[in-house]
Amino acid sequence: MLLRFQVTNHASLREEQELSLVAADRHAERAEARTPNGDVRAVPVCAVYGTNASGKSNVIDAVGWMRRAVLSSFRHWDPSGGVPRRPFVLRDDAAAHPSSFAVDFVLGGVHHQFGFSVNDDRVTEEWLYYYPEGRQRRLYERGDDGAVTFGRWLTGRRKLIAELLRPNSLYLSVAAAQGHEQLGEVYRWFRSGLRMATDRDFSQRLDHTVRLCQADGGRQGTPVMAMLRFADLGVSGLDIKEWDEAVLEDHKRITEALREALGDKVRVQEESKRRVRVEHRTDEGVFPLDLRDESSGTRTWIGLVGPVVTTLADGGVLCVDELDARLHPYLVDALVGMFQSRDINRAGAQLVFSTHEAALLGRNVRTELFRDQVWFTEKDPRTLATRLFPMTEFSVRDSTDNLEKRYLGGRYGAVPYLDDELLRDMVAAFRHGGVNEAGKAAEAVEGRASGAA
């Protein structure tokens with residue numbers, strides 16, 4: 001269960017921003033989860049709205065970056081390569097400001113708080129607390145000098161782990177690699193309890209769906225097959241086969257050649273571990289099509305099925321960037337409703353997503369989002385930094401206010417300002433042949449370039 005996430009100086013997020021999943025109101029119809037001491041409840045769904053380039057995707061990206069730092073800093077970061085962070089760069093002294101991340105979550109029925117700060121070279125702070133019986137107890141703290149101070153509640157080979165610690169790796173990552181049982185549970189929450197769904201991890205999500213499908217034997221009536229057929233995509237099943245070894249070797253060779261030519265920072269889209277074809281049943285039989293021949297919406301849904309089914313079954317948090325991209329509004333509404341539903345979401349699962357789909361705030365949907373589940377992002381016009389703020393900052397009546405109409409009407413901000421004066425200038429340019437003249441100039445430049453070649 002995720003309660004709060006805080007981030008400072010990541011991508012467009014210059015100042016400290018906090019995303020809270022703590023319920024401000026009680027709604028018996030939604031799948032709220034009670035915290036261990038019972039004083040607050042966590043909402044099952046959190047939506048982040050904003051204009052293009054307002055930074056809403058960077059909120060999701062910050063969660064994913066923190067997760068990757070926990071999972072990868074010790075095993076995969078270059079020991080002498082510093083920290084591959086993404087600071088807010090629209091300032092003169094970007095490198096002088098550390099990036100900080102902190103998260104409050106519930107693990108094993110106990111509230112935990114974990115966080116760290118990094119600059120371009122090293123980890124400058126790291127801390128882990130937990131709250132048995134509602135009182136804070138320190139597990140460990142790491143200072144700017146790299147020294148680690150332990151609380152008496154942390155057991156195991158803590159000093160040996162500290163000796164293996166690098167300046168650019170997290171103590172939590174080292175502890176997990178060394179098999180520390182107590183800290184390994186926290187590490188596993190980041191690995192399995194916090195899942196991401198963005199464009200960069202489609203192949204992993206596809207493999208997740210495939211593994212679940214294979215485990216179920218591809219039988220009808222299983223959660224995966226039910227989700228695939230529910231979307232009304234004309235999908236009757238998946239045909240899954242292992243790739244030929246020659247294909248895998250070719251892909252590996254090409255990837256290594258690209259990285260050798262362009263450097264380690266180049267990102268190559270990983271190939272799925274298996275060949276997936278989508279089966280379509282007609283009166284004449286079953287016909288499989290390669291996944292690349294399917295619509296982008298079908299591919300998007302298949303890549304989401306695995307993480308959604310696992311999160312709903314086991315609990316945890318699923319963070320999705322632009323949930324509405326390539327999916328019909330009805331399907332997005334239904335997916336959000338699965339997490340909101342007390343009947344379906346019995347494991348305390350949570351969905352955090354960014355979106356443009358204002359219809360989710362309206363009255364013509366199955367799923368009602370309440371004011372404590374909606375957040376907005378806006379750009380500061382002076383610094384171009386993102387401000388993240390909740391709908392609860394405004395006077396909102398869930399039962400009577402049309403949130404969609406008020407949002408699109410600009411009552412909450414986070415909508416684009418379209419300058420009509422600039423539009424009139426553009427109309428004037430069209431009238432005076434501006435586009436045609438520009439096109440002729442471009443053609444002339446291209447012609448000269450071709451002649452020179």
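Quantities reported herein were computed from a predicted structural model and do not represent experimental measurements.
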Below 4.5 Å, heavy atoms only, C-beta onward: do [X] and [Y] meet side chain to side chain?
X	Y	result
Cys213	Ile240	yes
Asp425	Leu422	yes
Leu360	Phe353	yes
Phe5	Leu21	no
Arg142	Leu165	yes
Phe114	Met66	yes
Val118	Thr124	no
Thr377	Val48	yes

Is the [atom1] atom of [X] crowded by more than 12 outside heavy atoms at less than 6.0 Å?
X	atom1	value
Arg85	CZ	yes
Arg366	CZ	no
Asp145	CG	yes

Which heavy atom in [X] sits nearest to a heavy atom in [Y], and how many Å separate them?
X	Y	answer
Pro44	Asn345	CB-ND2, 4.0 Å
Met391	Val396	CG-CG2, 3.8 Å
Val317	Leu2	CG2-CB, 3.6 Å
Glu368	Gln373	O-OE1, 4.2 Å
Val305	Leu228	CG2-CD2, 4.0 Å
Arg166	Phe74	NH1-O, 3.2 Å

Cationic tip of Arg387 above Phe389 ring, under 6.0 Å, 45° of axis:
yes

When you look at Val278 and Leu238, which way does the side-chain contact (heavy atoms from CB on, under 4.5 Å) test go after all the steps?
CA-CA 5 Å; Val278 182; Leu238 297 180; 4.2 Å; yes

Test side-chain contact (heavy atoms from CB on, under 4.5 Å) on Glu378 and Ser54; report intermediate values, then the result.
CA-CA 5 Å; Glu378 276 190 343; Ser54 65; 5.8 Å; no

Check [Y] with [X], please: is the shortest side-chain N to carboxylate O separation under 4.0 Å?
X	Y	result
Arg342	Glu29	no
Arg4	Glu18	yes
Arg122	Asp144	yes
Arg30	Asp372	yes
Arg275	Asp290	yes
Arg86	Asp61	yes

List the steps and the verdict of side-chain contact (heavy atoms from CB on, under 4.5 Å) for Leu304 and Arg205.
CA-CA 7 Å; Leu304 279 173; Arg205 292 187 282 113; 4.2 Å; yes

If you round to the nearest 0.5 Å, how far is [atom2] of [Y] from [atom1] of [X]?
X	Y	atom1	atom2	result
Met1	Arg34	CE	CZ	10.0 Å
Thr298	Asp293	OG1	CG	11.5 Å
Asp321	Lys56	CG	NZ	8.0 Å
Leu172	Leu139	CG	CG	10.5 Å
Asp25	Thr392	CG	OG1	8.5 Å
Asp207	Asp201	CG	CG	11.0 Å

Check whether any side-chain N or O of [X] sits under 3.5 Å from a backbone N or O of [Y] as a donor-acceptor pair, and report yes or no.
X	Y	answer
Ser296	Arg326	no
Lys379	Leu384	yes
Gln6	Leu19	no
Arg41	Ala24	no
Ser72	Arg68	yes
Ser341	Gly337	no
Arg67	Leu194	yes
Gln113	Asp104	no
His180	Thr155	yes
Trp189	Gly316	no

Partner of Tyr412 by ring pair (Phe, Tyr, Trp, His ring centres under 6.0 Å), out of Tyr49, Tyr407, Phe376, Trp375
Phe376

Centre-to-centre under 6.0 Å for Tyr171 and Phe116, is that the case here?
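No, too far apart.
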
Taking the six-membered ring for Trp, are His10 and Phe101 closer than 6.0 Å centroid to centroid?
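So the answer is yes for these two rings.
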
Taking atom types as modelled, find out whether [X] and [Y] have a side-chain donor-acceptor pair closer than 3.5 angstrom.
X	Y	answer
Ser100	Thr8	no
Arg195	Thr311	yes
Ser73	Ser173	yes
Thr35	His111	no
Tyr140	Glu126	yes

Working note: Leu107 + Glu185, criterion side-chain contact (heavy atoms from CB on, under 4.5 Å); need CA distance, chi angles, decisive distance, verdict.
CA-CA 8 Å; Leu107 173 63; Glu185 293 182 2; 4.1 Å; yes

Can you classify the ring geometry of Phe370 versus His27 as parallel (below 30°), tilted (30 to 60°) or perpendicular (above 60°)?
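Judged by the thresholds at 30° and 60°, the geometry between Phe370 and His27 is parallel.
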
